[in-house]
Amino acid sequence: MARTWLMKSEPYKYSFDDLERDGRTPWDEIRNYQARNFMRDDMKIGDRVLFYYSNVQPPGVAGVAEVCSEPYPDETQFDETSNYHDPKATRDNPRWILVDVKPVKKLPRLVTLQEIKDEPKLQDLPLVRRGNRLSIMPVSEADADLIIDMANRPGPEDA
DNA sequence: GCCAACGTTGGC
DNA sequence: GCCAACGTTGGC
């Protein structure tokens, strides 16, 4: 049974438009064990992904993507010139594992964090809970469906 | 730019 | 294995 995930990206580094241009991308540079474990242990090809814009004004969900590879090592951990180089990682014993993601559809508009906070049905989303710093988190099918649905309705500022 | 809330590191 | 110090995330 396919699941849904929310994955954060800073759009000035990598946006949904970039993903559409590239066709697919390795979800690299994740250096958090919990986020890695989701990719390594729980994600399956075909799982749905909500592509979330963080660290911008306003933050929110911009598009739908899909997991499109088995887990494999993040190349940036082996690159000594990268900020994400991990001296303790080796080819035989890689520490950071990722999956590839491909675009499905850009949402008609951004569903903002504020809207998600204002929606009573979405209060169980890890995103709106205190101290959420996870860059990858599971989302229930119902919550994901609702967020996608919200993108097809007018935003609060259009009301 | 600030800072709260977290995760990680390393000395002990 | 504890925990203080430090670094990072990310909304505001």
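Proteins come first, then strands; the chains are lettered A, B, ... in the order of their sequence lines, and each starts at number 1.
Not a single donor-acceptor pair under 3.5 Å links the side chain of A:Asn132 to the backbone N or O of A:Leu134.
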Grab the N/O contacts between the protein and nucleotides 2-4 of chain C below 3.5 Å, and write none if there aren't any.
none

Listed pairs, N/O of protein and of nucleotides 10-12 of chain C, under 3.5 Å:
| unit_1 | atom_1 | unit_2 | atom_2 | d |
| --- | --- | --- | --- | --- |
| C:dG10 | OP1 | A:Lys8 | NZ | 2.9 |
| C:dG10 | OP1 | A:Arg133 | O | 3.2 |
| C:dG11 | OP1 | A:Tyr52 | OH | 2.9 |
| C:dG11 | OP2 | A:Asn55 | N | 3.0 |
| C:dC12 | OP1 | A:Lys117 | NZ | 2.5 |

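Between A:Thr76 and A:Trp96, the closest side-chain pair of non-hydrogen atoms is not below 4.5 Å.
Rounded to an integer number of Å, the gap from A:Asn37 CG to B:dG7 P is 13 Å. Spacing between atom OH of A:Tyr33 and atom P of B:dT8 amounts to 7 Å, rounded to whole angstrom units. Spacing between atom CG of A:Asp86 and atom P of B:dT8 amounts to 12 Å, rounded to whole angstrom units. What separates CZ of A:Arg129 from P of C:dT9 is a distance of 21 Å, to the nearest Å.
For the pair A:Lys88 and A:Asn32, nearest-nucleotide mapping onto DNA chain B gives the more 5' position to A:Asn32.
Evaluation of the ring pair (Phe, Tyr, Trp, His ring centres under 6.0 Å) rule for A:Phe38 yields A:Trp5 as partners, not counting sequence neighbours.
Side-chain atoms of A:Asp79 and A:Thr81 form a donor-acceptor pair, as typed in the model, at a separation below 3.5 Å. Inspection of the A:Tyr84 and A:Asp74 side chains reveals no N or O donor paired with an N or O acceptor under 3.5 Å.
Closest of all the heavy-atom pairs between A:Gln123 and A:Lys117 is NE2-O, 3.0 Å. Summarising the geometry of A:Gly23 relative to A:Lys102, their closest heavy-atom pair is O-CB, 3.4 Å, with the distance given to 0.1 Å.
Here the options are A:Asp143, A:Val61, A:Leu146, the test is side chain to side chain contact (heavy atoms under 4.5 Å, CB included), and the partner is A:Ile116; only A:Val61 passes.
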